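Take a look at the structure set out below.
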Amino acid sequence: MAPANPSVAPKTPPQSQPAGATGVLVLADGTILWGVGYGASGAGVGEICFNTSMTGYQEILTDPSYAGQIITFTFPHIGNVGANPEDMEREKRAAIGCVTRELPTAPSSFRSTQTLPEWMAAQGLIGLAGIDTRALTRRIRDGGAPTGVVAHHPEGKFDLDKLLMLAQGWPGLEGMDLAKTVTRERQGSWDAGVWHLGSGYEVSNHKRADDAAPHVVAVDYGAKDNIFRNLVKAGARVTVVPAKTSLDEIMALRPAGVFLSNGPGDPAATGDYAVPVIRGLLERNIPIFGICLGHQLLGLAAGAKTVKMHQGHRGANHPVQRVGGDFGDGVVEITSMNHGFAVDASTLPAGVVETHKSLFDGSNCGIEVTGKQAFSVQYHPEASPGPQDSFYLFEKFVGGLK
């Protein structure tokens with residue numbers, strides 16, 4: 001297997017190592033997919049999912065919601081605009097690695113400061129090219145997201161038995177609280193606004209405690225930085241707190257509203273400590289806005305249940321319809337998504353209204369609590385990457401605060 005022309009994995013992949021193979025994907029069922037490794041050397045275990053986005057690979061790989069996951073990119077030409085420090089959603093990687101059809105090409109962008117393999121190596125991300133990503137995506141679509149190990153060794157030295165044992169021993173995401181592993185460790189103010197070509201990120205003037213701007217306390221369960229930037233853009237003064245911040249600590253900050261962020265893992269596991277806090281906020285009539293994991297946690301706090309999805313939703317082209325409550329106008333938004341769990345709409349109790357649903361599979365994508373200024377969505381209105389149809393949600397939340 002030559003790096004310049006990686007082979008496509010056949011329907012029954014060869015278990016023996018082809019010449020030139022410096023990377024491998026070992027699934028828990030014993031399937032072995034050989035390819036060309038790039039980025040960091042080593043091995044990482046996790047759930048293998050797929051993402052249909054055509055761009056934004058750097059933002060995706062640094063989205064903390066991907067903790068514990070190996071991302072298969074369905075778009076073949078990943079890496080063609082290189083990497084740069086401005087396109088990271090957190091200061092360090094979140095995903096374990098990625099699988100691509102083609103090796104990343106030389107970057108073609110005036111913003112690029114590194115090639116994708118160089119950046120991935122520095123971040124500890126493992127890449128594997130030369131895989132039939134269509135076949136792998138169909139496998140995930142039909143059979144669900146499997147557990148696997150992605151490994152890269154420059155000389156192609158692998159202990160397949162050890163890698164298989166690693167894959168088979170990984171417990172899976174159900175029951176796993178990963179928010180505590182990716183949350184910020186300390187409370188802090190957030191001042192940066194959204195990015196603009198030529199000037200970078202805006203700097204907010206809303207810094208002082210006596211500022212007239214509404215004060216939003218954002219609970220970080222594994223947030224993307226662009227969420228905080230959009231809260232600032234919408235006019236909020238933002239304080240970010242760790243995932244396990246108590247109700248008393250949040251109330252001591254005198255929030256006008258509380259934001260519940262995205263994040264990785266099983267919402268029911270994170271809910272052990274998050275749900276009592278959210279219920280306390282609801283009892284005190286504190287306005288709440290949640291995204292992704294934050295949406296699922298609000299659902300749990302309101303009395304609904306969450307479920308593990310067969311394959312999840314990950315991409316930047318997901319149609320969502322506004323169907324109820326304050327959002328019952330029938331408008332369809334094209335959204336960015338990244339989640340493997342969902343709120344079970346059939347378990348929504350009285351007083352909780354479904355506001356958005358997926359037009360792909362009908363799954364729940366939004367709720368609001370009747371009589372409370374509390375709502376949430378499953379998708380990512382901050383995009384990065386993706387369409388910006390849904391910025392109105394930040395304006396609705398911040399604009400309704402006093």
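Sequence positions, counted from 1, serve as the residue numbers for this chain. Predicted model, so just to flag it, every value in this text is computed and none were measured.
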Begin with the C-alpha distance, continue with both residues' side-chain angles, and end with the deciding distance and a verdict on side chain to side chain contact (heavy atoms under 4.5 Å, CB included) for Val320 and Val332. CA-CA 5 Å; Val320 168; Val332 175; over 6 Å; no
Quick one, Cys98 and Met120 - any side-chain contact, counting heavy atoms below 4.5 Å? yes
What do you reckon, is CD of Gln388 surrounded by more than 12 foreign heavy atoms closer than 6.0 Å? no
Would you give the length of the straight line joining atom NZ of Lys157 to atom OG1 of Thr22, rounded to the nearest 0.5 angstrom? 13.5 Å
Would you mind checking if Asp266 and Lys308 are paired as a salt bridge, meaning a charged N to carboxylate O distance below 4.0 Å? no
Does a donor on one side chain sit under 3.5 Å from an acceptor on the other, for Tyr273 and Asp177? yes
If you measure from CG on Leu61 to CD on Gln69, what distance do you get to the nearest 0.5 Å? 11.5 Å
When you check the gap from the basic side-chain N to the acidic O, do Arg229 and Glu382 get nearer than 4.0 Å? no
Heavy-atom pair with the smallest gap, counting every atom of Ala223 and Ser261: CB-CB, 3.5 Å
Would you confirm whether Ser336, through its side chain, and Pro385, through its main-chain N or O, come within 3.5 Å as a donor-acceptor pair? yes
State plainly whether the residues Asp220 and Arg90 are in salt-bridge range, i.e. N to O under 4.0 Å. yes
Test side-chain hydrogen bond (donor to acceptor under 3.5 Å, both in side chains) on His313 and Asp361 and set out the steps. CA-CA 10 Å; His313 292 160; Asp361 60 12; 2.7 Å; yes
Looking only at side-chain N and O atoms, does Ser246 offer a donor or acceptor that is under 3.5 Å from a partner on Asp248? no
Test ring-ring contact (aromatic ring centres under 6.0 Å, His included) applied to Phe375 and His295, step by step: CA-CA 8 Å; Phe375 67 96; His295 161 70; over 10 Å; no
Does either side chain, that of Gln373 or that of Glu368, offer a donor lying less than 3.5 Å from an acceptor on the other one? no
Could you tell me if the side chain of Ile48 sits less than 4.5 Å from the side chain of Val99, heavy atoms only? no
Taking C-beta and beyond as the side chain, do Tyr66 and Cys49 meet within less than 4.5 Å on heavy atoms? yes
Does the His310 side chain pair with the main chain of Arg141, one donor and one acceptor, at a distance under 3.5 Å? yes
With distance as the sole criterion, is a donor-acceptor pair present between the side chains of Ser65 and Asn262 under 3.5 Å? yes
NZ/NE/NH1/NH2 to OD/OE distance under 4.0 Å, Arg93 and Glu59: no
When you look at Thr31 and Leu33, which way does the side chain to side chain contact (heavy atoms under 4.5 Å, CB included) test go after all the steps? CA-CA 7 Å; Thr31 300; Leu33 303 176; 4.2 Å; yes
N/O donor-acceptor pair under 3.5 Å between Ser112 side chain and Ser109 backbone: no
Does the side chain of Ser390 come within less than 4.5 Å of Glu333's, by heavy atoms? yes
CE of Met54: more than 12 outside heavy atoms within 6.0 angstrom? no
Under 6.0 Å from the six-membered ring centre of Phe73 and within 45° of its axis: does the NZ or CZ of Arg134 meet both? no
Is there a side-chain contact between Asn226 and Glu89 (heavy atoms, below 4.5 Å)? yes
For Ile286 and Val258, what are the C-alpha separation, side-chain angles and deciding distance, and is it a side chain to side chain contact (heavy atoms under 4.5 Å, CB included)? CA-CA 7 Å; Ile286 302 297; Val258 173; 3.8 Å; yes
Roughly how far apart are Leu247 CG and Arg279 CZ, rounded to 0.5 Å? 13.0 Å
Once you round to the nearest 0.5 Å, how far does CD of Gln187 lie from OG1 of Thr245? 7.0 Å
Check against side chain to side chain contact (heavy atoms under 4.5 Å, CB included), Phe75 and Arg101: CA-CA 8 Å; Phe75 186 67; Arg101 171 66 185 90; over 6 Å; no
Which atom pairs, one a donor and one an acceptor, fall under 3.5 Å between side chains of residues 158-168 and the rest of the protein, sequence neighbours left out?
unit_1: Asp159; atom_1: OD1; unit_2: Asp161; atom_2: N; d: 3.3
unit_1: Asp159; atom_1: OD1; unit_2: Lys162; atom_2: N; d: 3.1
unit_1: Gln168; atom_1: NE2; unit_2: Ala28; atom_2: O; d: 3.0

Is there a side-chain hydrogen bond (donor to acceptor under 3.5 Å, both in side chains) between Thr100 and Tyr38 once you walk through the steps? CA-CA 10 Å; Thr100 57; Tyr38 60 93; 3.0 Å; yes
Any side-chain heavy atom of Arg139 sitting closer than 4.5 Å to one from Leu27? yes
Is Phe259 close to Ser376 at the side-chain level, that is, under 4.5 Å between some pair of heavy atoms? no
What residues, two or more places apart in sequence or in another chain, satisfy side chain to side chain donor-acceptor pair (under 3.5 Å) together with Thr137? none
Would you kindly say whether Lys357 and Asn364 are connected by a side-chain donor-acceptor distance under 3.5 Å? no
Just checking, any donor-acceptor pair under 3.5 angstrom between side chains of Thr239 and His215? yes
How long is the span from the CG atom in Leu260 to the CG atom in Leu293, to the nearest 0.5 Å? 9.0 Å
Check the pair Arg184 / Asp225 against salt bridge (charged side-chain N to carboxylate O under 4.0 Å, His left out), numbers first and verdict last. CA-CA 11 Å; Arg184 285 168 172 80; Asp225 287 349; 2.5 Å; yes
Please report the interatomic distance CD(Glu86) to CZ(Arg111), rounded to the nearest 0.5 Å. 5.5 Å
Can Lys233 be said to sit on top of Phe394's aromatic six-ring, NZ or CZ under 6.0 Å from centre and within 45° of the ring axis? no
Test His318 against Tyr379 for ring-ring contact (aromatic ring centres under 6.0 Å, His included), laying out the working first. CA-CA 9 Å; His318 287 255; Tyr379 54 94; over 10 Å; no
Return the set of residues passing side chain to side chain donor-acceptor pair (under 3.5 Å) with Tyr57 (not counting sequence neighbours), or none when no residue passes. none
Under 3.5 Å, is there a donor-acceptor pair linking the side chains of Tyr221 and Gln296? no
Looking at every non-hydrogen atom in both residues, tell me the closest pair between Lys372 and Leu282 and how far apart they are. NZ-O, 2.9 Å
Set of residues satisfying side chain to side chain donor-acceptor pair (under 3.5 Å) with respect to Gln58, sequence neighbours excluded: none
Donor-acceptor contacts under 3.5 Å from residues 144-152 side chains, at least two apart:
unit_1: His152; atom_1: ND1; unit_2: Ala40; atom_2: O; d: 2.9

Can you sort out the partners of Ser346 under side chain to side chain donor-acceptor pair (under 3.5 Å), two or more places apart, ordered by chain and number? Asp344
Parallel, tilted or perpendicular: which one describes the rings of Phe327 and His356, with boundaries at 30° and 60°? tilted
Are Leu348 and Glu354 side-chain neighbours, meaning at least one heavy-atom pair lies under 4.5 Å? yes
